[in-house]
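Chain identifiers are assigned alphabetically (A, B, ...) following the order of the sequence lines, protein sequences preceding nucleic acid strands; residue numbering begins at 1 within each chain. None of the values given here were measured: they were computed from a predicted structure.
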Amino acid sequence: MHQAPRGTADILPEQQRDWSFVYGTVAEAARAFGYARIDTPIFEDTALFARTVGEETDIVQKEMYSFQDRGGQEITLRPEGTAAVCRAYLEHGLHNQPLPVRLYYLCPMFRYDRPQAGRFRQFHQFGIEAIGDSDATVDLEVLQLAMESMERLGLGGMRLVLNNIGDAADRPRYVEALREHFRPHAAHMGRDDRRRLDTNPLRLLDSKELEGESFMASAPRSVDYIGEEARAHWQELLGYLDALGIPYRLDHTLVRGLDYYTRTVFEVHPAREGAQSAVCAGGRYDGLIEQLGGRPTPGIGFAAGIERLILNLREQGAEPQDAASAPLLLAYRGERAKAEAVRLAATLRKGSAAAVVVAPPRSLKAQLRYASALGARGVFILGDAELEHGTVTFRDMATSEQCEVPLTQAADAAR
RNA sequence: GUGGGCGUGGUCGAGGGGUUAAGACGCCAGGUUGUGGCCCUGGAGAUCGAGGGUUCGAUUCCCUCCGCUCACCCCA
């Protein structure tokens, strides 16, 4: 027997309610903020992700679904959305629109990871990007949209955590400071962390292995190394958050796992802290567009994991109500009646009612039982008597009331 | 990549070296002649994850593998 590949999941009919609720709600939130939908291909040239996400990141080093297509192209199933959206932004000259260009997406992502609660190899993200304006109000707007989405979903107690990792120009000084700080402790580190000391010292900050070590608390803070401009921008943003009464927590060890981030970085966590707790995360990426060959263009965005959002909804016991489509059922006795039932079903569907013809001929009793099990709203019964009169019997399954009406008025009877 | 837990009909889930391998839900049918949801009766459906080993005999014990799951790393 075949099974869905590891880390993938079928989204069964009974789960579709959750999914369409989340999709609908976040899309609405995005539109409320002036964001328009964009869809990019599920795969891209490998180089797009390798270069932007960062050669040293786990995503690129061990999590990409990469392969060579039949034409020899190096292809990768999209592990995240930002690089692809920026590519599309450049490719289609979206900078000719009023800036910032506000975009959102809802689509599957792929990362080769060991699956666990809230983590899959194929998962889905709701993401937004605001490209082309570096003003602090745009940062604010993005944070607001993140929190607004949670609120509209009915996810209470979400906490916003943020940090500022400075501009690319500030980075070398900070990275050097980190190296200097951590180097004396290299002996206490595992292999991975020692390597990070060379390749990407930022990542040492959120290393779980080093958590609690005495030298962690005294590690240099990125906010102390950011330039004047970035600092002003940062202060302005925090000012807005304070003025608007938006709660947040500063975390100087929040650095994010993708290389393209600059300045503002943030995560949204549910009240109940657990593994994989971030349901939403993002940040500014002011150098990314330029790196992709465009003019220097700032950008900021976030991505939220749909599966994690749904997981949290479930934990909160939120039950999105959405009346399951209650169909009308066509029951019949005899071949002629069957033909008539098929015809009537077609008419009903034209009138946009959900109509189901009982498939195998069964006793009327069985057909009604079937209707019950399906949750049918009503049943049309066609038998010899009805055929003779040119009528059909309609039974309301909730009230058990029946009436016989002319075939031509069947649709009205169902209402 | 590392570690823990678990793999019995579609689902949940007892059991245990030799059994017709429980039970529940679900599914199908019947409880008379054209009528559901409750109830009653019956039925279909399991090579007990796979391979190997121990044994007279394994689904039950051992090993390996695979899968699921949780956690670590990392991430949404």
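Residue pairs that meet the side-chain hydrogen bond (donor to acceptor under 3.5 Å, both in side chains) test with at least one member in residues 345-371 of chain A, sequence neighbours left out, do not exist here.
Closest approach to the A/A373 side chain among B/C27, B/G34, B/A76 is made by B/C27 (side chain taken as heavy atoms from C-beta onward). For A/R308, the listed nucleotide lying nearest its side chain is B/A76; candidates were B/A76, B/A29, B/U35.
Annotation: A/F380 is in aromatic contact with A/F394 [ring centroid separation under 6.0 Å]. Between A/Y174 and A/Y225, the distance separating the two ring centers is shorter than 6.0 angstrom.
Within 6.0 Å of CZ in A/R171 there are more than 12 heavy atoms belonging to other residues, nucleotides or ligands. Under a cut-off of 6.0 angstrom, the local environment of CZ in A/F33 is crowded, with over 12 non-hydrogen atoms contributed by other residues, nucleotides or ligands. Within 6.0 Å of CZ on A/F43 lie no more than 12 heavy atoms contributed by other residues, nucleotides or ligands.
Annotation: of the two residues near RNA chain B, A/R121 and A/A385, the 5′-most nearest-nucleotide partner is A/A385. Between A/G282 and A/E386, the residue anchored nearer the 5' end of RNA chain B, judged by the nucleotide with its closest heavy atom, is A/E386.
Dashed line: the shortest gap from a side-chain N or O of A/R256 to OP1 or OP2 of B/A76 is under 4.0 Å. The side chain of A/Q116 places an N or O atom within less than 4.0 Å of a non-bridging phosphate oxygen (OP1 or OP2) of B/A71. Taking only side-chain nitrogens and oxygens, A/R111 never comes nearer than 4.0 Å to OP1 or OP2 of B/C75. Close to B/A29, at under 4.0 Å from its OP1 or OP2, lies a side-chain N or O of A/R362.
Taking the P atoms as reference points, B/U54 lies 16 Å from B/C62, given to the whole Å. Atom P of B/A24 sits at a distance of 16 Å from the matching atom of B/C38, rounded to the whole Å. Nucleotides B/A46 and B/U8 are separated by 7 Å at their C1' atoms, to the nearest Å. The P atoms of B/C6 and B/U47 are separated by 23 Å, rounded to the nearest whole Å. Separating the P atom of B/C72 from that of B/U64 is a span of 26 Å, rounded to the nearest Å. Taking the C1' atoms as reference points, B/C75 lies 27 Å from B/C66, given to the whole Å. For the C1' atoms, the distance linking B/C68 with B/C28 amounts to 31 Å, nearest Å. Only the C1' atoms considered, B/G13 is 8 Å distant from B/G23, to the nearest whole Å.
Closest of all the heavy-atom pairs between A/A117 and A/L311 is C-CD2, 4.5 Å. Across A/T52 and A/A83, no two heavy atoms sit closer than the pair OG1-CB, 3.4 Å.
Residue contacts for A/F120: at a heavy-atom cut-off of 4.0 Å it reaches a base atom on one of the strands shown. Using a 4.0 Å heavy-atom distance criterion, A/I59 is classed as making no nucleic acid contact. Nucleic acid contact class of A/A281 (heavy atoms, under 4.0 Å, all strands): sugar-phosphate only. Here A/T57 lies out of heavy-atom contact (under 4.0 Å) with every strand.
For A/R114 against B/U2, a side-chain-to-base donor-acceptor contact under 3.5 Å is present.
In this structure, CD1 of A/I306 is placed 16 Å from C1' of B/C75, rounded to the nearest angstrom. Atom CD in A/E267 sits about 12 Å away from atom P in B/C74, given to the nearest Å.
Here A/Y370 does not count as stacked on B/G36, because the ring centres are not under 5.5 angstrom apart with planes under 30°.
RNA chain B forms stems at B:1-7 with B:66-72, B:10-12 with B:23-25, B:27-31 with B:39-43, B:49-53 with B:61-65, each a run of 3 or more consecutive Watson-Crick or G-U wobble pairs whose two key distances fall under 3.5 Å.
Near RNA chain B, defined here as any heavy-atom distance below 4.0 Å, the residues from residues 400-415 of chain A are A/S400, A/Q402, listed numerically.
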